[in-house]
Q: 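Here it is, the structure in full.
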Amino acid sequence: MDDSGKESKFTAVNELAKRRGFFWNSYEIYGGAGGFVTYGPLGTRLKQNIENKLRELFVKQTGIFEMESSAITPGKVFEASGHVDHFKEPMVECVKCNKRFRADHLLEEYAKISSTEAEKMSLNEIHEALEKNGVTCPDCGGTFNAPQQFLTMFVTTIGPYAGATGYGRPEAAQGIFVEFNRLYAMAREKLPFGVIQIGHALRNEISPRQGLIRLREFTIADLEFFFDPEEPQCHLLRQVENETLRILLAENRLKDSEETVELTVKDAVAKRIIRAEWQAFFMAMAKKLLTELGVPAEKQRFIEKLPWEKAHYSSQSFDQEVYVDRWGWVEVSGHAYRTDYDLTCHMKASGADMRVYKEYATPVEKEQLAVKPVMAKLGPAFKKEAGKVAELLSKADPEEVAASLKKNGHYTVGNYRVLPEHVDISLQKTVVRGSRFVPHVVEPSFGSDRLFYVALEYAYRVKDGRVLLSFPRDIAPVQVGVYPLMSKDGLADKANEVRKLLAESGLMVEFDEAGSIGRRYARADEAGIPLGITIDYETLSDGTVTIRDRDSWQQVRSPIKDLPELLHKYFQGKLDFEDLGTLLRV
RNA sequence: GCGGUCUUAGUCUAGUUUGGUUAGGACAUCAGGUUCCCAACCUGACGACCCGGGUUCAAAUCCCGGAGACCGCACCA
């Protein structure tokens, strides 16, 4: 009935992807499993190229570390990080119309119980609160069944004997936080520094129904950037300060407005629209990434998250969104200012000290009272207990000890009565050379599969009734196609030589001799191969070939011997197509 | 999870209302022919009723269960 799906780009892109082996739904022979995809030969390469571009921008250009950790994570980690509490939502179902609601949302709306209060309640308490306040189904007025928790993390057991709970990580970030101390050592104990992890994450979505947009197992690229909150300046900001960002501000969203503001990175920081400089920097880099993946600036925007939309760890969050034909604006990356939330959680839960030491520019001299036990007196006075008394004294507040001795002539610690002669009280100078603090974190987090999808959708073009994937040349899964014009008269042999020459020079080459030349061009266009080299009869006499451009279908002619150098420069973006040889036919 | 619609070769689809011969087509793919640059043409080949159960002499078609897809609701920390 609804045939808008048939016409949508999403359907066309998904069909093409399936047909040409970019990706498809996994486990098809067993009926398929929702939320899992398999990338085929072309897709795997495209995804690698996209992830490498991300590395190029974030790892190479900004000197950020890359790491890799496991997807299965001991329960303690996600208990400490707050995920076990926050990935779980109490839900109720109406007995009459079977509609489902978040119990905490209902309580907030109809019983005036705030979400923070509701969060602390047990399932029974929620049930009671719903009944006591007479909350019924907003749709049909029916009553609710007992609330149930929905945990969207995958749970498993670690080891053969039940006991240790493990979770599939719903994000790669915690893998970085728990290794902070070692990573900080690798950074030679200097802030700021950043660590990125690109890997699989798992979320047991209730209903993943949007192809690559919502998966149960997906690839996430989490970048945690650690900095000193007292020195929040971003020394790389100047590189991007004139880049413009389109932002839909929270204040506008509250007014139900979709109006975006467009301002430079410099202004966004100056006007405190983006509170953390590093966050602004990464948002600019994220825009650059999407632009280089083929998404025009006007199809990108950032939206500021409203207070109740933000993740439990975040102080200020933006989502980077790209306009997708089927669903409108879709999140491709999240930019959260996580403050010191995560490291503090792991410090408390694990007992490990994750603070960093900062040396003051000038050491601070402090004079303070020190209480020093005089063992020569304590020994005879307390005998065997002397050691214990000394220890208690060292823990006591020196000011208090001194005051008590002066006022009362004694000081009581535990059951012991300490006299003035038992201690030496003096003013002591100490030099404080630095302090310890927990670093703050800004986190850009990309969904690799979503980047893949938008790159594919934005590459999708129809030209003269033919489909072509107009990938930016540096992410194309195959770089060059080599075609003998005819499969006879030795053209195929010559073409194979050229293929070999190019492959050995490091290019991703595909050879195709099946069907008419037009058909092969069409096949190549659909796979998004930017350049086609055709070997014709002229090649046999003068050693030149034609090079065809995927997007314009123009051709130039060049000698075979120049190809490796020309093509490498072309793929590095140092040459344009017209520079590759002399133009043929217009 | 709930409700609705749906599932036929690599892809798109006809056929399901009213059960009945060998499930038809297009494109793609492969082999051969033809072809001096944009899905041409000729010959041939390969290839499918989502899974399980039931009703029936007979099931792609009807019934039940399951899986998956799409749409709406809810969910997406």
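Below, chain A is the first sequence line, B the second, and so on; all start at residue 1.
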Q: Would you check if the distance from the ring center of A/Tyr521 to the ring center of A/Tyr483 is below 6.0 Å?
A: yes

Q: Does A/Lys305 have more than 12 heavy atoms from other residues, nucleotides or ligands lying within 6.0 Å of its NZ?
A: yes

Q: Is the distance from OP1 or OP2 of B/C37 to the nearest side-chain N or O of A/Thr546 less than 4.0 Å?
A: no

Q: Which part of the nucleic acid, if any, lies within reach of A/Thr152 when heavy atoms closer than 4.0 Å are counted: base, sugar-phosphate only, or nothing?
A: nothing

Q: Does A/Lys500, at its NZ atom, have more than 12 non-hydrogen atoms belonging to other residues, nucleotides or ligands within less than 6.0 Å?
A: no

Q: Tell me: CG of A/Asn14 to C1' of B/C70, nearest whole Å?
A: 12 Å

Q: Which value, in whole Å, describes the distance between the P atoms of nucleotides B/G66 and B/U21?
A: 32 Å

Q: Does any donor-acceptor pair link the side chain of A/Arg209 with the base of B/G72 at a separation under 3.5 Å?
A: yes

Q: I want to confirm an ordering. Mapping A/Glu28 and A/Pro208 to their closest nucleotides on RNA chain B, which one lands closer to the 5' end?
A: A/Glu28

Q: Please assess A/His83 against A/Gln174 for the test side-chain contact (heavy atoms from CB on, under 4.5 Å), listing each intermediate value before the final yes or no.
A: CA-CA 10 Å; A/His83 284 78; A/Gln174 298 307 323; 3.5 Å; yes

Q: Taking the six-membered ring where the residue is Trp, are the ring centres of A/Trp327 and A/Phe10 under 6.0 Å apart?
A: yes

Q: Of all the choices, B/C37, B/C36, B/U11, which nucleotide is nearest to the side chain of A/Asp536 once you look at every atom?
A: B/C37

Q: Can we call the ring centroids of A/Phe226 and A/Phe180 under 6.0 Å apart?
A: yes

Q: Given pairs defined as Watson-Crick or G-U wobble with both distances under 3.5 Å, what dot-bracket annotation applies to RNA chain B, with ( ) intrastrand, [ ] crossing, | other strand and . unpaired?
A: (((((((..((((......[...)))).(((((.......)))))....(((((..]....))))))))))))....

Q: Expressed in whole Å, how much space separates the P atoms belonging to B/C63 and B/U7?
A: 13 Å

Q: Are A/Glu526 and A/Arg19 ion-paired here, with the side-chain N under 4.0 Å from a carboxylate O?
A: yes

Q: Sticking with atom C1', work out how far B/U8 lies from B/G24, rounded to a whole angstrom.
A: 11 Å

Q: Count the heavy atoms belonging to other residues, nucleotides or ligands that lie under 6.0 Å from OH of A/Tyr537, then report whether that count exceeds 12.
A: yes

Q: Counting any heavy atom closer than 4.0 Å, what does A/Arg520 reach on the DNA or RNA strands: base, sugar-phosphate only, or nothing?
A: nothing

Q: Taking OH from A/Tyr30 and P from B/G66, how many angstroms apart are they, rounded to a whole number?
A: 21 Å

Q: Tabulate atom names and distances for all N/O pairs under 3.5 angstrom spanning the protein and nucleotides 30-33 of chain B.
A:
none

Q: Would A/Arg275 pass as a cation-pi partner of A/Tyr337, given that its NZ or CZ must be under 6.0 Å from the six-membered ring centre and within 45 degrees of the axis?
A: no

Q: Is the Lys NZ or Arg CZ of A/Lys47 less than 6.0 Å from the centre of A/Phe452's six-membered ring, within 45° of the axis?
A: no

Q: If you take any heavy atom closer than 4.0 Å to RNA chain B, which residues from residues 479-494 of chain A end up in contact?
A: A/Leu485, A/Met486, A/Lys488

Q: Which nucleotide, B/A39, B/A77, B/C37, lies nearest any side-chain atom of A/Glu171?
A: B/A77

Q: Looking at A/Arg519, does any N or O in its side chain come under 4.0 Å of the phosphate oxygens OP1/OP2 on B/A40?
A: yes

Q: Considering only atom C1', compute the distance from B/A60 to B/C50 and round it to an integer number of Å.
A: 11 Å

Q: Expressed in whole Å, how much space separates the P atoms belonging to B/G53 and B/C12?
A: 28 Å

Q: On RNA chain B, nearest-nucleotide positions of A/Arg557 versus A/Arg214: which is more 5'?
A: A/Arg557

Q: Do we get A/Arg203 above A/Phe218's six-membered ring, with its NZ or CZ under 6.0 Å from the centre and within 45° of the axis?
A: no

Q: In whole angstrom, give me the gap between the C1' atoms of B/G20 and B/A28.
A: 33 Å

Q: Decide if the gap between the ring center of A/Phe282 and the ring center of A/Phe225 is smaller than 6.0 angstrom.
A: yes

Q: Would you mind classifying the nucleic acid contact of A/Glu538 as base, sugar-phosphate or nothing, using non-hydrogen atoms under 4.0 angstrom?
A: nothing

